[in-house]
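Report on the following structure.
All values derive from a computational prediction rather than experimental measurement.
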Amino acid sequence: PAYAVISDGNLNDMNNPNLVTIFIEPAKMKIALKWNDFKNYTLTGSATNDDALSFEEMQKPYTEKIMGLRNTLANEKALTQNVDTSKIREIENESTRLSEELEVKIKDFIKSNPDSYYAAFTLNMRKSYYPLDELQSYYDLMTERVKNGKDAKEILAEITKIRSLEPGNPAPVFATIDINGNPLSLSDFKGKYVILDFWASWCVPCRKSNPHLKALYEKYKDKGLEVICISDDDSKPDKWREAVEKDQIGMFKHVLRGLKILPGYKLDRTNDISEPYAVHSLPTKFLIDRNGNMVGKVTSEELEAKLKEVFGE
């Protein structure tokens, strides 16, 4: 089965009435479309698409309520000068409750449909949300038929990649050019503890964590700590340089992740540093030991505790 698009040629506008996404598979299928109303299509012969529609129907009441709450929250903040924090908290709590309920439903769908290619597609789209053991357990449930499909193979590749990043394993080595145009390789830092900080100029939580990262660096730099910041700003290097200067983090090493966007929105990950580290969200931090081996993926709080353990204070 494959994820496909039928359109009038305008692929850039997802609100285009003459655009619809469907799942096709090796079977006799029949689709009926009405011009200017492609989204109300009918398709027979694709069990994968049937599963997708059932999944969408399950999600719909939750997503509509959550979007309604978010719109109410935005209006409340925009229109009210004296913000009622109790009301805002109530809306946020209800939105969180619905999101958690929906997440349970999604997991139940994945677990209850081990022979569904769409369940594998859903898990593949959400694989970065789940801890390794949970992801492995969902993969193990799949039938051999589904495991031979594209999505299951990508899930297995992700599991294998994450296992390669477990503590004690060699950290994936990369070589690139830094912000000053000089060569930089991870192997150059053997003998030091290295923090890899995956971030971006547009990532608010990333930028907010910089003062804490600077404090840790100042405390331990003379004991052998180095920080390499890997930015997801390949398409906007000026924003990257501006953020480094504004946040006053020039004391760290800075490189771009190396992702190239080719014509037709195709991605070239040949030199993408984020890829071997299975980075799907920002900020993401790793600690590497003096021998170039993984200490682990860490939050800011875990990082501080780990450095105290490493350097003895």
Margin query: Between E101 and R97, does any NZ, NE, NH1 or NH2 come within less than 4.0 Å of an OD or OE carboxylate oxygen?
Written below: yes
Margin query: With a 4.5 Å cut-off on side-chain heavy atoms, are V255 and I177 touching?
Written below: no
Margin query: L19 vs N10, test: side-chain contact (heavy atoms from CB on, under 4.5 Å). Steps then yes/no.
Written below: CA-CA 8 Å; L19 181 149; N10 177 9; over 6 Å; no
Checklist line | Pair L43-M29, side-chain contact (heavy atoms from CB on, under 4.5 Å): steps then yes or no | finding: CA-CA 7 Å; L43 172 65; M29 296 174 291; 4.1 Å; yes
Check: Taking only residues at least two apart or on different chains, which pairs with a member in residues 202-212 satisfy salt bridge (Lys or Arg N to Asp or Glu O under 4.0 Å)?
Finding: R207-D247
Check: So do L196 and V194 actually touch side chain to side chain, heavy atoms under 4.5 Å?
Finding: yes
Next item on the list: Looking only at non-hydrogen atoms, find the nearest pair between K127 and I155 and report the distance.
Entry: CD-CA, 4.5 Å
Next item on the list: Please list, chain by chain and in numerical order, all residues satisfying ring-ring contact (aromatic ring centres under 6.0 Å, His included) with Y117, sequence neighbours excluded.
Entry: none
Next item on the list: Output the distance between atom CG (D108) and atom CD (E103), rounded to the nearest 0.5 Å.
Entry: 10.0 Å
Note to self: Tell me if a side-chain donor or acceptor on S95 pairs with a main-chain N or O of E92 at a distance below 3.5 Å.
What the structure shows: no
Notebook entry, point to check: If two hydrophobic side chains count as joined below 4.5 Å and joins carry through other members, does Y139 share a cluster with I106?
Noted result: yes
Check: Do the side chain of R290 and the main chain of K190 share a donor and acceptor less than 3.5 angstrom apart?
Finding: no
Check: So how far is it from S235 OG to K260 NZ, rounded to the nearest 0.5 Å?
Finding: 14.0 Å
Next item on the list: Give the minimum heavy-atom separation between Y130 and R126, together with the two atoms involved.
Entry: OH-NE, 3.2 Å
Next item on the list: Of all the heavy-atom pairs spanning P172 and L186, show the shortest one and how long it is.
Entry: O-CD2, 3.4 Å
Margin query: Do L135 and V146 sit in one hydrophobic cluster, given that two such residues count as connected whenever their side-chain heavy atoms are within less than 4.5 Å of each other, even indirectly?
Written below: yes
Next item on the list: Would you list the pairs meeting disulfide (SG to SG under 2.5 Å) in which at least one residue belongs to residues 283-313, sequence neighbours left out?
Entry: none
Check: Does any non-hydrogen side-chain atom of L213 lie less than 4.5 Å from one of F252?
Finding: yes
Next item on the list: Decide, yes or no, whether a salt bridge links D233 with K239 under the criterion of side-chain N to carboxylate O below 4.0 Å.
Entry: no
Item checked: Side-chain donor or acceptor of N18 paired with backbone N/O of S7 under 3.5 Å -> no
Margin query: My understanding is that only residues two or more places apart in sequence, or in another chain, count here; which of them pass side chain to side chain contact (heavy atoms under 4.5 Å, CB included) with R163?
Written below: L132, D133, Q136, I159, E166
Notebook entry, point to check: Are Y3 and F109 co-members of a hydrophobic cluster defined by side-chain heavy atoms under 4.5 Å apart?
Noted result: yes
Next item on the list: Give the C-alpha distance, both sets of side-chain angles, the deciding distance and a yes or no for side-chain contact (heavy atoms from CB on, under 4.5 Å) between T122 and Y118.
Entry: CA-CA 6 Å; T122 303; Y118 185 75; 3.2 Å; yes
Margin query: In the structure I gave you, are the side-chain heavy atoms of L165 and N169 within less than 4.5 Å of one another anywhere?
Written below: no
Next item on the list: Give me the other members of the hydrophobic cluster that I261 sits in, counting Ile, Leu, Val, Met, Phe, Trp and Tyr linked by side-chain heavy atoms under 4.5 Å, directly or via other members.
Entry: L259, L267
Next item on the list: May I ask you to decide whether E275 forms a salt bridge with K161, counting only side-chain N to carboxylate O separations under 4.0 Å?
Entry: yes
Check: Are any of the side-chain heavy atoms of I179 and W240 separated by less than 4.5 Å?
Finding: yes
Next item on the list: Please check if Y129 and L156 belong to a single hydrophobic cluster, counting links between Ile, Leu, Val, Met, Phe, Trp and Tyr side chain heavy atoms closer than 4.5 Å.
Entry: yes
Margin query: Main chain of N180, side chain of H254: is a donor-acceptor contact present, judged purely on distance under 3.5 Å?
Written below: no
Item checked: Contacts of type side-chain hydrogen bond (donor to acceptor under 3.5 Å, both in side chains), residue D151, not counting sequence neighbours -> N124
Check: Hey, does K65 have a side-chain heavy atom less than 4.5 Å from the side chain of E94?
Finding: no
Check: What distance separates R257 CZ from S274 OG, expressed to the nearest 0.5 Å?
Finding: 4.0 Å
Notebook entry, point to check: Does D232 reach the main-chain N or O of W199 with its side chain, forming a donor-acceptor pair under 3.5 Å?
Noted result: no
Next item on the list: Name all residues meeting the side chain to side chain contact (heavy atoms under 4.5 Å, CB included) criterion together with T63; count only those two or more places apart in sequence or in a different chain, and write none if there are none.
Entry: Q59, L102
Next item on the list: Report yes if the distance between the aromatic ring centroids of F38 and Y41 is under 6.0 Å, otherwise no.
Entry: no
List the atom pairs, with distances to 0.1 Å, where a side-chain N or O of residues 291-303 and a protein N or O form a donor-acceptor pair under 3.5 Å, not counting sequence neighbours.
unit_1: T299; atom_1: OG1; unit_2: E301; atom_2: OE1; d: 3.4
unit_1: T299; atom_1: OG1; unit_2: E302; atom_2: N; d: 3.1
unit_1: T299; atom_1: OG1; unit_2: E302; atom_2: OE1; d: 3.4
unit_1: E302; atom_1: OE1; unit_2: T299; atom_2: N; d: 2.9

Item checked: Ring geometry between F198 and Y277 (parallel below 30°, tilted from 30 to 60°, perpendicular above 60°) -> tilted
Check: Can you name the closest pair of heavy atoms from L69 and I91 and give their distance?
Finding: O-CG2, 3.5 Å
Next item on the list: Report whether W35 and L11 are members of the same hydrophobic cluster (ILVMFWY, side-chain heavy atoms less than 4.5 Å apart, transitive linking).
Entry: no
Next item on the list: Going by the side chain to side chain contact (heavy atoms under 4.5 Å, CB included) test, name the single residue among I6, N49, T42, I24 that passes it with I31.
Entry: I6
Distance-only check: which donor-acceptor pairs under 3.5 Å involve side-chain atoms of residues 278-287, not counting sequence neighbours?
unit_1: H280; atom_1: NE2; unit_2: E158; atom_2: OE1; d: 3.4
unit_1: H280; atom_1: NE2; unit_2: E158; atom_2: OE2; d: 2.6
unit_1: T284; atom_1: OG1; unit_2: S281; atom_2: O; d: 2.6
unit_1: K285; atom_1: NZ; unit_2: D197; atom_2: OD1; d: 3.3
unit_1: K285; atom_1: NZ; unit_2: S209; atom_2: OG; d: 3.3

Next item on the list: Answer yes or no on whether K111 is positioned over the face of Y138, meaning its NZ or CZ is under 6.0 Å from the six-membered ring centre and within 45° of the axis.
Entry: no
Note to self: On a heavy-atom basis, which atom in S201 and which in S231 lie closest, and how many Å separate them?
What the structure shows: N-OG, 4.5 Å
Notebook entry, point to check: Hey, does E242 have a side-chain heavy atom less than 4.5 Å from the side chain of E245?
Noted result: no
Notebook entry, point to check: With the threshold set at 4.0 Å, does a side-chain nitrogen-carboxylate oxygen contact exist between K253 and D178?
Noted result: no
Check: Please, which pairs that meet salt bridge (Lys or Arg N to Asp or Glu O under 4.0 Å) have at least one residue in residues 49-62, sequence neighbours excluded?
Finding: none
Next item on the list: Looking only at non-hydrogen atoms, find the nearest pair between G45 and E25 and report the distance.
Entry: O-OE2, 3.9 Å
Item checked: L141 side, atom CG; D115 side, atom CG - distance, nearest 0.5 Å -> 12.0 Å
List the atom pairs, with distances to 0.1 Å, where a side-chain N or O of residues 216-230 and a protein N or O form a donor-acceptor pair under 3.5 Å, not counting sequence neighbours.
unit_1: E218; atom_1: OE1; unit_2: K221; atom_2: NZ; d: 3.4
unit_1: Y220; atom_1: OH; unit_2: E313; atom_2: O; d: 2.5

Margin query: Between D188 and S185 (side chain of the first, backbone of the second, donor and acceptor by atom type, cut-off under 3.5 Å), is there such a pair?
Written below: yes
Check: What residues, two or more places apart in sequence or in another chain, satisfy side-chain hydrogen bond (donor to acceptor under 3.5 Å, both in side chains) together with K214?
Finding: none
Next item on the list: For the pair K150 and E154, evaluate salt bridge (charged side-chain N to carboxylate O under 4.0 Å, His left out) and give the outcome as yes or no after the intermediate values.
Entry: CA-CA 6 Å; K150 170 180 172 289; E154 289 182 2; 3.2 Å; yes
Next item on the list: Output yes when K34 and D37 qualify as a salt bridge under the 4.0 Å nitrogen-oxygen rule, no when they do not.
Entry: no
